[in-house]
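Comments concern the structure below.
Below, read A as the first sequence line, B as the second, and so on, with proteins coming before strands; counting in each chain starts at 1.
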There are 2 protein chains.
Amino acid sequence: MSDAEQTRQNILTVAADEIHHHGFKATSLSSILTRCEISKGALYYHFTSKIELGYAVFEEVYTPMFLDVWQTPLSDEDPIEGLCKFLTAMTDEMACSEVVCGCPLNNLCEEMANVDEGFRLRILCMQEQLNQLIVDALERISDGLRENLAFSQVGYFIVSTLNGATSLSKSSRNKELFQQVIAELCLYIRALKK
Amino acid sequence: MSDAEQTRQNILTVAADEIHHHGFKATSLSSILTRCEISKGALYYHFTSKIELGYAVFEEVYTPMFLDVWQTPLSDEDPIEGLCKFLTAMTDEMACSEVVCGCPLNNLCEEMANVDEGFRLRILCMQEQLNQLIVDALERISDGLRENLAFSQVGYFIVSTLNGATSLSKSSRNKELFQQVIAELCLYIRALKK
DNA sequence: ATAATAACCAACCACTCGGTATGTTGCAAG
DNA sequence: CTTGCAACATACCGAGTGGTTGGTTATTAT
């Protein structure tokens, strides 16, 4: 990797972390510059504006990470159990910082979706991709599921609940609350089976 | 109501609306001053700081409105049906601005809970109150519900899902998505019955 | 050796923000 | 009539923001 590309990646990584911790608007370029030990000119050489940097973080850091994390459990032979294990494992492995800061994508969604169209469209696109992952997994094992299930609806329901649970645990700083909601969500998911 | 109290209430109302639309941090005092047609001195006569104004909005505008809205359907003779009707009615009556801006409390929670302790504690307190409303309603009709239900867990699950659905529809600006999640949520709620 | 370009630096700009200090008005009590 | 306080208004401050600009290296191609 060239020096320039190295610099760019470093900016992306640091920016992703800063945005995760402070939100997009509250993230100041100067804090990124300080942590990267570069000048403002260097940043504006690689990115034309703050918001373009935000888009790049979303597309090149958050999205791949997110889709990859969901892909694994859904590719399981039994995606129902895969999902449940994935969700409960999430509660166990959840670091303190994750409880406090919440999901980076969820945060960006809350903060920027109704403010900036560029963010909104990117978030929307990602949500549809994620929902499609779930729908595909459910269709694959539809023979073993209850009749009359609306797969897309179920997918959005699961994602909504998970987002809500993250939000809840974030504000309460209570890991246990998160675990409770996830436990109830697993009950719901397992009840999808015949 | 005295003139001074009138001024104070006007500030609270306008601030609540501005915070709902732009978030707390992004809400500038100047915009509130302009809409209220008052000076900065007037505002700082009634509130000692921006964050104290935010607390007042939370306690005197958002919280009463929110608890009142939930109390009604949960006081129904059949709170299960009351909740479902309440939720579906919410999707129908949902104005465009509400789809776009989301729930004011949910927004504040996302934005401020992990930034300011004052907000966090107030939000936490309110969430517990809301959950207690649900738990009370469920316990009241526990004879007609499935065995082995964890009422508190169910309460947080419902609230989480609703919050997540609001968040989802906000970013997607798609009312239909919200309706789908709510429809699935009603299926879940009705399945609580024996 | 020279020219060109990529990669970066540092100073600065215009602007907005929350907050404060001081000034002004109107009314009510003495 | 005047004193005093509630209820504002006005002017200003310092800090911080994203963004721009002109200059500086280091490397590479010719």
Side-chain angles (χ1 to χ4, degrees), chain A residues 1-60 107-108 111-112 115-120 122, chain B residues 1-58 60 107-108 111-112 115-119 122:
Chain A
M1 186 155 46
S2 67
D3 284 3
E5 185 59 23
Q6 177 71 48
T7 302
R8 196 187 126 91
Q9 287 301 322
N10 191 225
I11 294 174
L12 282 176
T13 305
V14 169
D17 188 59
E18 287 287 319
I19 292 173
H20 183 199
H21 280 76
H22 306 111
F24 178 75
K25 293 179 201 161
T27 291
S28 71
L29 297 183
S30 61
S31 67
I32 297 176
L33 303 180
T34 303
R35 282 184 58 185
C36 289
E37 293 179 326
I38 59 169
S39 69
K40 192 173 282 192
L43 192 148
Y44 272 85
Y45 173 78
H46 290 284
F47 304 94
T48 63
S49 65
K50 186 191 180 187
I51 208 156
E52 285 296 334
L53 170 60
Y55 293 162
V57 166
F58 186 90
E59 290 173 347
E60 300 178 37
N107 293 353
L108 257 183
E111 183 187 5
M112 299 302 296
V115 172
D116 180 82
E117 194 69 3
F119 268 120
R120 210 193 111 245
R122 283 167 174 83
Chain B
M1 186 155 47
S2 66
D3 283 3
E5 185 58 23
Q6 178 71 47
T7 302
R8 197 188 124 92
Q9 287 301 323
N10 191 225
I11 294 174
L12 281 176
T13 306
V14 169
D17 188 60
E18 287 286 320
I19 292 173
H20 184 198
H21 280 76
H22 309 296
F24 178 75
K25 292 179 203 160
T27 291
S28 70
L29 297 183
S30 62
S31 67
I32 297 176
L33 303 180
T34 303
R35 281 184 59 183
C36 288
E37 293 180 327
I38 60 169
S39 68
K40 192 172 280 192
L43 192 148
Y44 271 86
Y45 173 78
H46 289 285
F47 303 95
T48 63
S49 66
K50 186 191 181 185
I51 207 155
E52 284 296 333
L53 170 60
Y55 293 162
V57 166
F58 186 91
E60 300 178 39
N107 293 354
L108 257 182
E111 182 187 5
M112 300 301 297
V115 172
D116 180 83
E117 194 69 3
F119 267 120
R122 283 167 175 83

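One atom, CD1 of Ile38(A), and another, C1' of dA6(C), lie 15 Å apart when rounded to the nearest Å. dA10(C) atom P lies 17 Å from atom OH of Tyr44(A), rounded to whole Å. Atom CZ in Phe24(B) sits roughly 10 Å away from atom C1' in dG18(C) (whole-Å rounding). Taking atom NE2 on His22(B) and atom C1' on dC17(C), their separation rounds to 15 Å, with Å as the unit. Distance Leu33(B) CG to dT16(C) P: 15 Å, rounded to the nearest Å.
Ring-centre distance between Phe119(B) and Phe24(B): below the 6.0 Å cut-off.
Across all their heavy atoms, Thr27(A) and Gly23(A) have their closest contact at OG1-O, 2.6 Å. Scanning both residues, Ile38(A) and Leu43(A), for their nearest heavy atoms gives CD1-N, 4.2 Å. For the pair His20(A) and Asn107(A), the tightest heavy-atom approach, listed with the atom from each and the gap, is O-ND2, 3.9 Å.
Contact check of residues 45-55 of chain B against DNA chain C (heavy atom, cut-off under 4.0 Å) returns Ser49(B), Lys50(B).
Salt bridge absent: Glu111(A) and Lys25(B) never bring a charged side-chain N and a carboxylate O closer than 4.0 Å. At a threshold of 4.0 Å, the pair Glu117(B)-Arg122(B) does not count as salt-bridged, since none of the basic side-chain nitrogens sits closer than that to a carboxylate oxygen.
Toward the 5′ end of DNA chain D lies the nearest nucleotide of Lys40(B), the other residue of the pair Ser28(A) and Lys40(B) mapping further downstream.
Remark: Thr34(B) engages no residue in a side-chain contact (heavy atoms from CB on, under 4.5 Å) (not counting sequence neighbours).
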| Given the rule in the side chain to side chain contact (heavy atoms under 4.5 Å, CB included) test, do Asp17(A) and Arg35(A) qualify, once you have shown the distances and angles that lead to the verdict? | CA-CA 11 Å; Asp17(A) 188 59; Arg35(A) 282 184 58 185; 2.9 Å; yes
| request: Could you give me the CA-CA distance, side-chain angles and deciding distance for Leu53(B) and Leu12(B), then say whether side chain to side chain contact (heavy atoms under 4.5 Å, CB included) is met? | output: CA-CA 8 Å; Leu53(B) 170 60; Leu12(B) 281 176; 4.2 Å; yes
Look for any protein N or O under 3.5 Å of an N or O in nucleotides 26-29 of chain C and output each such pair with its distance, or none.
none

Under 3.5 Å between N/O atoms: give me all the protein pairs with nucleotides 22-24 of chain C, atom names plus distance.
none

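The residue Ser31(A) sits apart from the nucleic acid: no heavy atom pair falls under 4.0 Å.
Within the structure, side-chain hydrogen bond (donor to acceptor under 3.5 Å, both in side chains) pairs that include any residue of residues 37-53 of chain A do not occur (at least two apart or interchain).
Heavy-atom contacts of chain A under 4.0 Å fall on DNA chain D between two terminal nucleotides, which in 5' to 3' order are dT17(D) to dT20(D).
Atom-to-atom distance recorded for Cys36(B):SG and Asn10(B):CG is 4.5 Å, nearest 0.5 angstrom. With values rounded to the nearest 0.5 angstrom, Glu60(A) atom CD is found 10.0 Å from Thr13(A) atom OG1.
OP1 or OP2 of dC8(C) has at least one side-chain nitrogen or oxygen of Thr7(A) nearer than 4.0 Å.
When side chains are defined from C-beta on, Val57(A) does not count as touching Phe47(A), because their heavy atoms never get closer than 4.5 Å.
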